[in-house]
Participant: 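Handing you this structure, nothing more for now.
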Amino acid sequence: GYSRNRYTEHFAPISDLSSVTYVYGAMDEAVGRLTETEVAFLESKNTSLFEGPGNHTETLEGFFLVGLETTFDLEARQ
């Protein structure tokens, strides 16, 4: 499963992940929050990172629109 696979090992050969947006919760009970090592890895690959203060669901719901807007360079609709 995902919890056993280390994406830091699988993605190590990739020099640029700037097209990736990663959203996670500071208190993510479903998959766990990112470690400092994982954050540093993603930052070194130019990944867009968004950490929400909530759990898995709260963060996903709170940042879903922001993630889409950032990923696709869209303006928020009023």
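These values consider heavy atoms only, across backbone and side chains, with no hydrogens, waters or symmetry-generated copies.
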Participant: Using side-chain contact (heavy atoms from CB on, under 4.5 Å) as the criterion, list what pairs up with A26, not counting sequence neighbours.
Facilitator: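 Partners of A26 by the side-chain contact (heavy atoms from CB on, under 4.5 Å) criterion, ordered by chain and then number, come out as R33, E51.
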
Participant: With distance as the sole test, does S48 use its side chain to make a donor-acceptor pair with the main-chain N or O of T21 at under 3.5 Å?
Facilitator: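 Judged by distance alone, no pair lies under 3.5 Å.
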
Participant: How would you list, by chain and number, every residue that makes a side-chain contact (heavy atoms from CB on, under 4.5 Å) with V39, sequence neighbours excluded?
Facilitator: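 Partners of V39 under the side-chain contact (heavy atoms from CB on, under 4.5 Å) test: Y24, L34, E43, L49.
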
Participant: Roughly how far apart are L42 CG and L17 CG, rounded to 0.5 Å?
Facilitator: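 Here the rounded value is 7.0 Å.
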
Participant: When you look at K45 and D16, which way does the side chain to side chain contact (heavy atoms under 4.5 Å, CB included) test go after all the steps?
Facilitator: CA-CA 5 Å; K45 304 287 185 174; D16 183 37; over 6 Å; no

